Amino acid sequence: MTNPLASTPITGSRLALLPGTTPVPGNGANSEPPTTIADQEKAARRALLAVDAALRRGGEGYHAWLDHIWSAAACTRPVRLSGLLHCLDATTGEVRDTISTATLPDGTIYKACGNRRHSVCPTCATTYQRDAYQLVRAGLVGGKTVPDSVAQHPAVFATFTAPSFGLVHTRHVRNHRARCEAKPGECSCPAEPCHARRNGDGSGTAQTCQHGVKLACFTRHRHGDEQLGQPLCADCYDHDHHVVWNRYSGELWRRTKQAIERRLNQLARTRGLAPAGGRTIRVSHGKAAEYQARGAVHFHVLLRLDGIDPADPDAVIPPPAGLTIDDLYDAVHAATSGITFTTPPHPARPDGWPMNWGRQLDVRPITLTGHNALNDSAVAGYLAKYATKSTEPTGHTSPRLDHHNIALYADPHGTHPQRLIAACWNLGDSTHHPEVNEDNRDEGPYEGLRRWAHMLGFGGHFLTKARRYSVTFARLRGARIRYARTQATGPTYTCDLADPHQHDEETTLIIGDLTYAGRGWLNQGDALLANTAAAQARDRQQAGREELTRQPADNPHLQAA
């Protein structure tokens, strides 16, 4: 099959902007004139031009330029802004000074893109991942505005999966090797045959579907096998139900969490731990969404059991002593098997589609020791890693789709991802839905499928948490920005997680009157210099961290790091 993008001009550079990264075509790497991928001579000439641009930039004014772009130096596609910066007195509101970006290097301000996807911008995704790790871990052990007492709260780590929409190639390990501690689905233990199904007539032949496809696969798939997640018969697979499940999976989770809390509070009242009709239990959660190879999302959820103080509902307190981690474990299993609902009607399915969880449910206690248990660092690492992924496991990545580019990615008779995208586009056609209230401009029940077709129907956030679970991303970002601006260094620095919108009387506010000027570096030479300088800084930082880990455990510098 011919790649429709093979001869398409692109505006993005194919130079690898970070050491060890693979260049990808598309907008955002720089703003050089369009080129074609296949023209080797032009590619070589562009490489020479990049070196020439880097040499020119490395002359007079290089250090001023590097200081100016430093906050976005490691970003692969920074946002360029132009306009005016107004410096205001925080107490009086008086404008002390106004600076035009025209007087700054390149006439613009560079801002890191902040993308959470590792495949788009590795550096910004790493920053997001580290914030996510701190956010999740603080909800387990305390710190960063969270009381340390949460370390004693019962907590479990659960994985909720989607139901089956048709047979797909899979890797199933029945017997693990001794001391296999890999994450489920990621170990290297020998796998069983994929689908060893035969007719019951004793002939030994495999069953076939109505389309004449054998419904059996005796291959012992390995990790990375391209067949994993692909339907045995693409025509039998229910792609419509699949994308609708992605669309409504967030609502299914909301109802499941309500059922878990309801069951625990009923149990507390039965044991005399709560007054009749009262609530003494709250379940706080941190949740990450991850795509399976077949394109269905599943949720990794950390569930922490909290108590409720009627005098201070926002306080995070331990649950009543009569409730244990076993009660939380049972409540999760009961809610998962009992919660189901039907989506709104659609012309393609007048009765709607059923929504329920799959049969695979993995619930593990979170403790420092114990069989089949996880510790706080492992859970925080899992959720942080999942939060920087997207549709990459399915083999599909694309920007947001519209009428101009949908034909490149959707095909109702094509590959598995192409059929899923086509299902999103067809089911999300606004002509299928009743009139939408024009006052609040709400979407119809399925119109969002078109808007999120590039995500195979899932439009939720990839990392979410309960309001009282932990600190927020905004406070973590605010503390990091204040640290960078004050250039605080050394082990005595304390991370300030106060409200990021608060300021003291000495603060000077900077109000930007800025407009979008473009995305990416002006040329490959700038990208090369900026990312090389950032890589050297990362290497120095990593060397410092490794040196600290060699220090004795009682070294106060180690705790400060």
Side-chain angles (χ1 to χ4, degrees), residues 9-19 21 23-35 46-47 49-88 97-128 398-400 473-474 477-478 480-481 484-485 509-538:
I10 61 173
T11 59
S13 170
R14 291 185 59 78
L15 176 68
L17 302 184
L18 284 175
T21 61
V24 293
N27 296 331
N30 59 48
S31 57
E32 293 174 334
T35 63
R46 289 171 60 211
L49 291 175
V51 174
D52 183 63
L55 291 174
R56 290 197 307 270
R57 177 68 77 179
E60 184 178 357
Y62 167 71
H63 293 290
W65 173 80
L66 188 61
D67 289 340
H68 176 61
I69 59 94
W70 186 248
S71 61
C75 182
T76 58
R77 51 169 205 169
V79 177
R80 303 194 304 275
L81 304 171
S82 62
L84 301 175
L85 296 174
H86 305 288
C87 302
L88 280 67
D97 193 12
T98 298
I99 302 173
S100 172
T101 58
T103 63
L104 303 176
D106 296 338
T108 60
I109 292 176
Y110 290 87
K111 183 182 184 302
C113 68
N115 196 289
R116 65 162 187 85
R117 295 174 63 175
H118 196 273
S119 61
V120 175
C121 183
T123 301
C124 290
T126 298
T127 301
Y128 180 90
S398 73
R400 192 177 294 275
F473 275 111
R477 285 193 294 264
R480 187 171 59 253
I481 291 172
R485 287 177 177 173
L509 298 180
I510 299 178
I511 306 298
D513 183 11
L514 303 171
T515 58
Y516 177 77
R519 184 182 290 275
W521 301 101
L522 294 179
N523 53 63
Q524 289 181 336
D526 286 359
L528 183 62
L529 288 174
N531 286 268
T532 299
Q536 292 174 345
R538 288 196 302 272

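The structure presented is a predicted model; accordingly, all values stated were derived computationally and were not measured.
- Residues in residues 99-125 take part in these salt bridge (charged side-chain N to carboxylate O under 4.0 Å, His left out) pairs, two or more places apart or across chains: Arg57-Asp106, Arg117-Glu392.
- Annotation for Gly107 and Ser82: closest pair O-CB, 4.0 Å, computed over non-hydrogen atoms.
- In this structure, Trp521 and Ala73 approach most closely via the heavy-atom pair CZ2-O, 3.8 Å.
- Between Ala74 and Asn531, the shortest heavy-atom contact is O-OD1, 3.4 Å.
- Here Leu104 contributes atom CG and Ile69 contributes atom CD1; the two are 13.0 Å apart, rounded to the nearest 0.5 Å.
- Under the side-chain contact (heavy atoms from CB on, under 4.5 Å) criterion, Ala72 pairs with Pro78, Tyr110, Ala112, sequence neighbours left out.
- Considering only residues two or more places apart in sequence or on other chains, Asp513 meets the side-chain contact (heavy atoms from CB on, under 4.5 Å) condition with Leu84, His86.
- Partners of Arg400 according to the side-chain contact (heavy atoms from CB on, under 4.5 Å) rule, which considers only residues two or more places apart in sequence or in another chain, are Arg451, Trp452, His454.
- Separating the CZ atom in Arg80 from the OH atom in Tyr516 is a distance of 7.0 Å, to the nearest 0.5 Å.
- Evaluation of the side chain to side chain donor-acceptor pair (under 3.5 Å) rule for Ser71 yields no partner, not counting sequence neighbours.
- With sequence neighbours excluded, the residues forming a side-chain contact (heavy atoms from CB on, under 4.5 Å) with Leu514 are Leu81, Leu85, Thr101, Ile109, listed by chain and number.
- Looking at Thr76, its side chain does come within 3.5 Å of a backbone N or O of Val120 through a donor-acceptor pair.
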